[in-house]
Amino acid sequence: MRPDQPDRRCRAAILISGSGTNLQSFIDQAHADQLDVDIVKVLSNRPDAYGLTRARSASIATACVEHRDFADREAFDRAVAATLDEHEPELVVLAGFMRILSPWFVRHYEGKILNIHPALLPKYPGLDTHARVLEAGDSRHGSTVHFVTDELDGGPRILAGRIAVDPNESADELQARVQALEHQIYPQAAQWFAEGRLTFRDGAALLDGEKLTEPVVVDFP
Ligand code: GAR
């Protein structure tokens, strides 16, 4: 909670494309009063995303805007923003939202968009991170919360969760372990934002007023 406004919760919109386990961690922690966030809308670009069912079960407003219905990326993004802006979000949380955002959208919500990417950024931007980590024989892997900028998976990093890789595990097993830590670090970063401790200024992430040149790293078993 913000020290200057103790009763106020941060209004967040959550964007998904799929299962929504990260969304569920936000719902659960907000419900348990461990997260000073009001989820004002859950929006998916896919009508069959299971996360929409999770949101409806928690009585959260939902919307589906299908990217196929729009001529280009920015037209889709403008429709998404029009839907979100009905709820005046202060934070936009990308939780497995598998669309690249247009520069227009990033500017519209500058400094207010968080993403989680399943890799220890700057390593492995893009897709298939777990298989690529195993293929490369890396000893460590994890997930990173960052502010969104125009650079794909390249915005200022905030918080990373790290695990040791077992070379004998499958990509699916590795993914499950990474997702379990995401459910802790993503609400944590959102809580810092809700408290006003995490801010974005001049293209950098600041925590308690200090520029983060490296993300905060938490090791998980
Ligand atoms: C998460 O693991 C997240 O890191 C990843 O999608 C998954 C969504 O899972 N995001 C990306 O790959 C974005 N580049 P969920 O729908 O169960 O939360």
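Quick note: residue numbers are just sequence positions, from 1. Remember, it's 1-based here, ligands and their atoms both numbered in the order they're listed.
- Only side-chain heavy atoms of Glu182 come within less than 4.0 Å of ligand 1; its backbone N, CA, C and O stay farther off.
- In terms of polar-atom proximity, defined here as any N/O pair under 3.5 Å, Gly20 does make such a contact with ligand 1.
- Under the 4.0 angstrom criterion for non-hydrogen atoms, Ile16 is not in contact with ligand 1.
- Interface of Gln179 with ligand 1, defined as ligand atoms under 4.0 Å from a residue heavy atom, comprises 1 (C), 2 (O), 7 (C), 8 (C), 9 (O), 17 (O).
- For the pair Arg99 and Asp77, the salt-bridge criterion is not met [side-chain N within less than 4.0 Å of a carboxylate O].
- A cation-pi arrangement is absent between Arg177 and Phe220, since the terminal nitrogen or guanidinium carbon is not both under 6.0 Å from the aromatic centre and inside a 45° cone about the axis.
- Every atom of ligand 1 is numbered from 1 in the order shown, and the set under 4.0 Å from a heavy atom of Pro118 is 4 (O), 5 (C), 10 (N), 11 (C), 12 (O).
- Inclusion of Thr21 in the set of residues having an N or O under 3.5 Å from an N or O of ligand 1 is warranted.
- Taking 4.0 Å as the cut-off, Met98 counts as a neighbour of ligand 1 on heavy-atom distance.
- No close placement of the His117 and His146 rings is indicated, their centers lying 6.0 Å or farther apart.
- Looking at Asn22, Leu152, Val178, Ile14, it is Asn22 that brings a heavy atom closest to atom 18 (O) of ligand 1.
- Considering Leu198, Ile113, Val106 as possible partners of Phe147, the one that fulfils the side chain to side chain contact (heavy atoms under 4.5 Å, CB included) test is Leu198.
- For atom 6 (O) of ligand 1, the nearest non-hydrogen atom of the protein is Gly96 CA, 3.6 Å.
- Close approach of ligand 1 to His117 (heavy-atom distance below 4.0 Å) involves ligand atoms 14 (N).
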